[in-house]
There are 2 protein chains.
Amino acid sequence: MSASQPERGRSHQPTIKEVARLAGVSPMTASRTLNGGLNVRPDLQERVMAAVRELGYQRNENARSLRPGQPSGLIGIAITNLANPYYGSFALGVEEVAAEHGRRIILGNTGEDAGRERQLVSDFIGRQVDGLILVPTSGDSAHLRPERLGDMPLVLASRRVPGLEADTVLLDDVGGAYRGTISLLDAGHTRIGFLGNRSSVFTGERRYRGFEQAMSERGVAIDPAIVARDQQDVDAARRAARAMLDRPDAPTAIFSANNRNTIGALREIGRRIHDGLPGPRPSIVSFDDFELSELMPVPVTVIDHDGRRLGREAATLLFTRLTGDGDMPARTVELPVTVEFPRPGERA
Amino acid sequence: MSASQPERGRSHQPTIKEVARLAGVSPMTASRTLNGGLNVRPDLQERVMAAVRELGYQRNENARSLRPGQPSGLIGIAITNLANPYYGSFALGVEEVAAEHGRRIILGNTGEDAGRERQLVSDFIGRQVDGLILVPTSGDSAHLRPERLGDMPLVLASRRVPGLEADTVLLDDVGGAYRGTISLLDAGHTRIGFLGNRSSVFTGERRYRGFEQAMSERGVAIDPAIVARDQQDVDAARRAARAMLDRPDAPTAIFSANNRNTIGALREIGRRIHDGLPGPRPSIVSFDDFELSELMPVPVTVIDHDGRRLGREAATLLFTRLTGDGDMPARTVELPVTVEFPRPGERA
DNA sequence: CCGACTGTTGGTAACGTTACCAAGGCGGGT
DNA sequence: ACCCGCCTTGGTAACGTTACCAACAGTCGG
């Protein structure tokens with residue numbers, strides 16, 4: 001699987017020397033023209049530009065960045081799961097800000113695999129990226145330590161890495177989960193189930209903490225029997241929801257800490273309604289928005305957040321560090337989330 | 001917005017010369033070791049590898065690809081809208097296959113802007129990408145002509161570019177739309193509305209054609225009054241659906257040619273149900289899947305397709321061309337779509 | 001014991017670009 | 001008229017890497 005297969009020869013990209021020859025000037029004059037034309041006679045500039053157009057010349061950025069001090073103009077991004085629409089938006093936000101700064105992004109998908117993350121980071125460094133933005137996996141993170149990264153600027157998104165000081169953009173997971181849970185308590189629910197990720201997942205831990213805070217603040221006990229924190233996919237979430245709802249003391253509301261769990265829970269609820277099973281039709285609070293939540297057969301409150309904005313903030317942090325003092329202390333930006341209640345009356 | 005701000009100095013990446021010095025060999029021996037170690041004494045290889053580990057050496061891929069004939073190992077991708085989950089999956093598919101071939105992807109978002117696409121392609125070429133994969137915009141495409149691209153391998157995805165011969169991966173838009181429409185006709189519907197894109201959009205045209213084919217085959221007339229082909233976003237789709245459903249001769253079913261139109265139509269239907277408005281509760285056929293379609297208040301048939309697979313096919317076409325004969329004629333792969341009916345009984 | 005061949009190593013040059021320096025031309029001030 | 005300084009131009013070298021060639025050591029067959 002290496003890159004050693006025979007490659008077809010590009011039909012030859014013109015170089016600056018050929019441009020210079022065609023324009024009848026030295027490569028230096030052509031280079032200066034292409035870099036703003038400082039101290040180049042206007043008529044020569046025109047000849048150079050004409051030659052550029054005629055040959056379809058495109059500067060070789062790789063060769064350019066070879067010279068010391070020249071940035072490559074590339075930003076490396078590693079994301080845990082590009083198929084997740086939220087991270088697609090995130091990548092878009094980063095791409096936009098990068099483009100505004102004349103940079104491009106190299107993108108890799110880790111699939112939550114720390115080994116793949118290490119490999120990607122290493123490759124990015126080999127391509128001389130100007131900085132790294134990553135949604136870190138929860139595995140081994142030795143490859144992100146300062147002694148390995150040198151002073152390569154690094155921004156973490158969505159999650160922190162234990163023991164690593166770096167610029168970070170996060171959501172207000174705790175606050176969002178707290179407010180979502182409070183809304184259930186305000187509506188009179190006292191038996192609330194929880195679906196989420198295990199505590200080793202950074203956001204899983206934070207969202208559970210927000211849930212816990214709200215419950216304890218209102219003096220409502222958390223029943224471990226209706227807390228399920230180990231679902232990674234929709235089917236597991238559905239099974240966990242089923243187990244909860246099959247209980248005689250089934251919850252009247254469910255807090256779901258992420259999109260996968262919400263979909264699973266709603267599938268299970270849909271099945272029960274269709275099959276005419278008895279038991280509560282639990283309200284849902286879902287961390288992560290999804291479209292048409294207002295058309296669900298039970299009221300769904302969503303805790304919404306903006307992946308694109310998270311990406312933009314991450315890129316902004318990176319460029320601030322890139323253009324400013326590299327030794328400033330690590331900063332953390334925590335983006336607000338919004339709690340959107342079911343539109344009144346739009347639900348039965 | 002150029003890259004001319006002061007950059008912080010990287011703390012110096014070690015070079016192969018430093019590795020060689022530390023290992024007590026020449027740079028050539030170090031280079032050979034790193035490239036497979038052919039004809040290098042094992043003990044020297046070990047010294048080199050030890051030096052690599054000690055210095056944390058990472059080969060500079062940009063310098064490497066400067067030598068003629070060396071591929072850069074980069075694939076350029078331009079996508080119209082990364083925030084669209086379908087294209088996120090597409091990018092993931094490309095990334096996976098690229099990674100299997102030891103390549104990385106540079107990703108740009110065009111936002112349906114032909115000028116931006118031109119800029120991205122030009123930049124990708126400047127970075128010496130080994131190939132291009134794009135979801136083309138519908139604007140001017142002069143920058144994609146062979147005389148501009150040389151023999152840079154190019155794969156188009158989702159859409160063709162008029163007058164341009166290139167490897168292409170498409171969905172079976174016509175067949176999917178045909179089968180979806182047939183399913184409505186089979187269910188006894190004769191008054192079917194259409195929501196989609198204008199005919200200048202490649203998929204918009206193809207999906208309408210499939211719809212048309214099914215209708216004419218069954219001898220059912222298409223009423224232009226309930227055909228709306230100019231909606232780009234959810235709100236416009238909702239307004240178009242509303243106009244149709246407000247008519248005395250409202251359709252009893254709607255064919256929606258894409259996700260945005262489906263969401264808009266369903267929002268409008270949800271509103272009417274909630275407000276208790278009279279009129280039909282139209283069944284929907286939706287080109288593009290979405291989660292929880294089975295929980296909608298009206299039966300939804302989805303025409304499903306796999307963005308990741310489309311991405312994998314696109315990348316496969318590219319690598320076939322890259323490793324094989326560059327002059328083989330352009331190929332087109334048309335991926336099948338699946339028509340998923342509402343799960344029987346799961347709907348009222 | 002010699003020649004040929006194989007295996008191993010290193011020097012040189014080149015990829016495309018631009019920073020640095022040197023040199024030439026021109027204008028203005030004295 | 002002369003000199004100084006600025007504007008303009010081009011030559012050279014260097015960035016990190018590796019292909020090519022040359023050189024040398026060791027081995028084997030005759």
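Basis for what follows: all heavy atoms, side chains included, without hydrogens, waters or symmetry-related copies. Just so we're clear, the structure is a prediction, and the values are computed from it rather than from any experiment. Proteins come first, then strands; the chains are lettered A, B, ... in the order of their sequence lines, and each starts at number 1.
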Any side-chain heavy-atom pair of B:His101 and B:Thr323 under 4.5 Å: no
Step-by-step salt bridge (charged side-chain N to carboxylate O under 4.0 Å, His left out) determination, B:Glu96 to A:Arg116: CA-CA 12 Å; B:Glu96 287 174 352; A:Arg116 177 113 182 86; over 6 Å; no
Positions of residues 30-65 of chain B (non-hydrogen atom under 4.0 Å from DNA chain D), listed by number: B:Ser31, B:Asn35, B:Tyr57, B:Arg59, B:Asn60, B:Ala63, B:Arg64
Of A:Val19, A:Thr33, A:Val48, the residue whose pairing with A:Val25 passes side chain to side chain contact (heavy atoms under 4.5 Å, CB included): A:Val48
Rounded distance in Å - CE (A:Met28) to C1' (C:dG16): 13 Å
Contact check, side chains of A:Asn60 and A:Thr15, non-hydrogen atoms, under 4.5 Å: no
Gap between atoms CD and P, on B:Gln70 and C:dG16 respectively (whole Å): 13 Å
Exam field: side chain B:Glu117 to backbone B:Thr110, donor-acceptor pair closer than 3.5 Å: no
B:Thr29 side-chain N/O to C:dT9 phosphate OP1/OP2 under 4.0 Å: no
Nucleotide D:dG16, atom C1' - distance to CD of A:Gln128 in whole Å: 9 Å
Closest-nucleotide ordering on DNA chain C, the 5'-leading residue of B:Pro68 and B:Pro27: B:Pro27
Presence of salt bridge, B:Arg312 and B:Glu100, under 4.0 angstrom: yes
